Amino acid sequence: MMEKVYFRPAGIFDGTVTGFCPGCMHSSVCKIVCEALDELGQLDNACYVQGVGCCGLAVTYLNMDTVAAPHGRACAIASSFKRCSPETLVFTYQGDGDLAAIGLAETMSAANRGENFTVIFVNNGIYGMTGGQMAPTTLLGAKTTTTPYGRNEAEHGSPMHMCELINQLDAPAYIARVTCADVPNARKAKAAVRKAFQYQLEGRGFSFVEFVSNCPTNWGMSPLESLDHVHNVILKEFPLGEFRAK
Amino acid sequence: MAEKIFMKGCEAVAETAVRAGCRFFAGYPITPQNDVPEYFARRMPQVNGVFIQGESEVASANMAYGAAAAGVRSMTSSSSCGISLKSEAISWMAGANLPVVIANFQRGGPGIGTIQPAQQDYNQATKASGNGGFRMLVLSPSTLQEAVDMTWRAFELADKYSKPVMLLMDGFTGTMMEPVVLPEPLGEEQVAAIRASKTWAARGRHGGPQHKVMCGPGLDTRISQAQMNERDAELYESWKQTEVEYEEYMTEDAEIVVTAYGITGRIAKSAVGMLRAEGVKAGLIRPLKVYPFPEQAFEKLDFARLRGIVCAEMSIPAQYAEDVRNVVRGRTGIVTALSSGGEVLDRAQILEAARSLMK
């Protein structure tokens, strides 16, 4: 008799084909989040707040309670939802345009209040869903559809580092930047998500996990090239690690 | 006989909301409604409710959305330009079928406007403040007792239809004081039962089906945009039969009808009394809800006898008068008595407008 050691997490609909582009790490992030929920026995007690953009595609994929947020407002909605439903495990699922541009005030303010929920932030350095415009996290020099001559510091400012920004605030309890661009890092990423959820379950306050992700479609790369790009270029701008675990 | 309490409008609304089982409020400072968030900040901890001062109007309205998604009776308030910012979330509440009560203590406009009382947001309130062409039930009180009664009803209506409901106040009704009789508060068991009855609210599956709080169409394949909008259109149409509410005063033999809502309705009523004393057969039509618009009240009028209608409102250009004009369709003359938002209408203007119809 053989033991089944690898299976689809219960939080992902049976038979569903992901709506994410081939090679996009969003599906890996979803899987890691669902595995962490399974391991903690929290899937049935979870509610995630969807951002707008590619992260919204998760709704076709994740079999758990959900509340949809207007673009950028996930952290405001998660704040009130969690306070009214403190026993529920609450996380937001947001991209960089959603969290760091249109939702910057909501993100920073929820972090500053130390709201007891978890943010899963998927940073691929671009607006994916709308076709590849510059995001706050786009690297200098990167050509996007709205920076056709490359992002330059004088005109567009430098990439924003959300973990580092949030790390300036007193209240947040857990801040980490991870990636699932390779297997060892994916294992660390899952450990970080588990830790963030554990912090929330213990009522320790705001937890924030940033995934450095990719966008083969809008970066104009093959999936494998995009992973090399993450390793060789992106991670130099966005270093991985635990910024805070208090 | 229930005890009468002398209260300020903002506080009477907030206290009634708490008594109606509201257990979440988020707001942002803006004059002339600061007494609302301040009252909730004091009061919510006493009833195990939640008050959050949002980082913006936008965030506050979205917080009210989030609390409603958890099944809690939820409210936010603001004034005019603040409602513009909240309109994103209000549109989402309409789309996601979330019951939230929104109070607008109107001030001048457009833009920042003056902080004084106004009725410049009529079109915004009654014609959909956000994108997508949705409608809300819009209740507009002219006394603080009405404000209390309507606040209570606003929560019931929001839950009944699972839609946002607006309380259309103004800087006048928000800041004046009057004696009011407050309703008996719901017990904690009743508050819990109301929440538990919202089986659609998100809370974690807990062995049951997935709860999804979201605007119908798009990635959620349960319903198409057309199905969702047709269903809402039917609901709005049904409100024209079930939710119209207005006061008629001395209209049976009226030759002049004065019509106004909110605080101006009260000024208009006293003008009608004065006109009657002068021997002018004047009457009043005062919508208690400005959406749905009380078409029936005007259809019932004996146009053969009428010498005209005076529409009074604190808005330049006129907004309410346009809806009256659309219903009357030229069957009698319409004159307006207007003040700019930010300046309270003088009763003398209504008298003058009415007398002009008698010439």
Side-chain angles (χ1 to χ4, degrees), chain A residues 10-11 13 19 37 41-50 52-90 92 102-113 115 117 129, chain B residues 23-26 44 48-74 76 86-93 95-96 98 100 130-131 195 200-216 218-222:
Chain A
F13 285 114
L37 289 171
Q42 286 292 319
L43 177 65
D44 237 20
N45 187 39
C47 177
Y48 77 101
V49 182
Q50 308 162 29
V52 169
C54 292
C55 51
L57 290 167
V59 73
T60 62
Y61 205 40
L62 298 181
N63 184 7
M64 67 188 85
D65 275 15
T66 185
V67 177
H71 199 24
R73 315 299 173 223
C75 280
I77 287 171
S79 294
S80 57
F81 185 93
K82 178 70 182 186
R83 290 215 207 177
C84 290
S85 200
E87 66 287 354
T88 307
L89 188 144
V90 178
T92 69
I102 197 168
L104 185 62
E106 286 78 5
T107 306
M108 296 302 286
S109 301
N112 192 49
R113 289 190 300 266
E115 299 286 353
F117 67 85
M129 176 74 86
Chain B
R23 290 294 179 271
F24 182 85
F25 180 91
M44 279 306 197
N48 293 321
V50 177
F51 165 80
I52 304 180
Q53 178 172 332
E55 58 271 24
S56 65
E57 298 281 8
V58 172
S60 302
N62 278 286
M63 287 171 182
Y65 171 106
V72 170
R73 280 194 166 173
S74 165
T76 186
K86 288 190 193 297
S87 294
E88 169 195 70
I90 298 172
S91 174
W92 276 67
M93 291 164 195
L98 286 179
V100 177
N131 67 299
R195 183 176 184 182
W200 47 263
R203 52 172 71 82
R205 287 184 335 201
H206 295 290
Q210 187 188 22
H211 306 97
K212 287 163 111 175
V213 177
M214 53 194 301
C215 299
L219 295 171
D220 180 6
T221 50
R222 287 176 304 179

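Not measured: the values here are computed from a predicted model. Proteins get letters first, then strands, A, B, ... in listed order; numbering begins at 1 in each.
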Examine whether an atom of [X] lies under 4.5 Å from a heavy atom of chain A, and if so say whether it belongs to the side chain, the backbone or both; otherwise answer neither.
| X | result |
| --- | --- |
| B:Ala69 | both |
| B:Phe25 | neither |
| B:Ala96 | neither |

Given that the side chain runs from C-beta out, which part of [X] has a heavy atom under 4.5 Å from chain B: side chain, backbone, both or neither?
| X | answer |
| --- | --- |
| A:Leu62 | backbone |
| A:Phe13 | side chain |
| A:Ala74 | neither |

I'd like to verify something: which residue of [options] has the highest number of heavy-atom pairs under 4.5 Å with chain B?
| options | answer |
| --- | --- |
| A:Thr66, A:Val49, A:Thr88 | A:Thr66 |
| A:Cys47, A:Ser79, A:Ala69, A:Ala46 | A:Ala69 |
| A:Val67, A:Asp44, A:Leu43 | A:Asp44 |
| A:Gln42, A:Arg73, A:His71 | A:Arg73 |
| A:Pro70, A:Ser85, A:Ala68, A:Cys84 | A:Pro70 |

With A:Glu115 via salt bridge (Lys or Arg N to Asp or Glu O under 4.0 Å) - residues at least two apart: A:Arg83, A:Arg113
Keeping the roles fixed (side chain from [X], backbone from [Y]), state whether a donor-acceptor pair exists under 3.5 Å.
| X | Y | value |
| --- | --- | --- |
| A:Thr92 | A:Cys75 | no |
| A:Ser80 | B:Ala64 | no |
| B:Thr76 | B:Ala26 | yes |
| B:Asn62 | B:Val58 | yes |

Check against side-chain contact (heavy atoms from CB on, under 4.5 Å), B:Met44 and B:Val50: CA-CA 6 Å; B:Met44 279 306 197; B:Val50 177; over 6 Å; no
Would you please name every residue forming a side-chain hydrogen bond (donor to acceptor under 3.5 Å, both in side chains) with B:Ser56, sequence neighbours left out? none
Knowing that exactly one of A:Asn63, A:Asn45, A:Asp65 qualifies, which makes a side-chain hydrogen bond (donor to acceptor under 3.5 Å, both in side chains) with B:Arg205? A:Asn63
Interface residue of largest heavy-atom contact number with chain A, from B:His211, B:Met63, B:Glu88, under 4.5 Å: B:His211
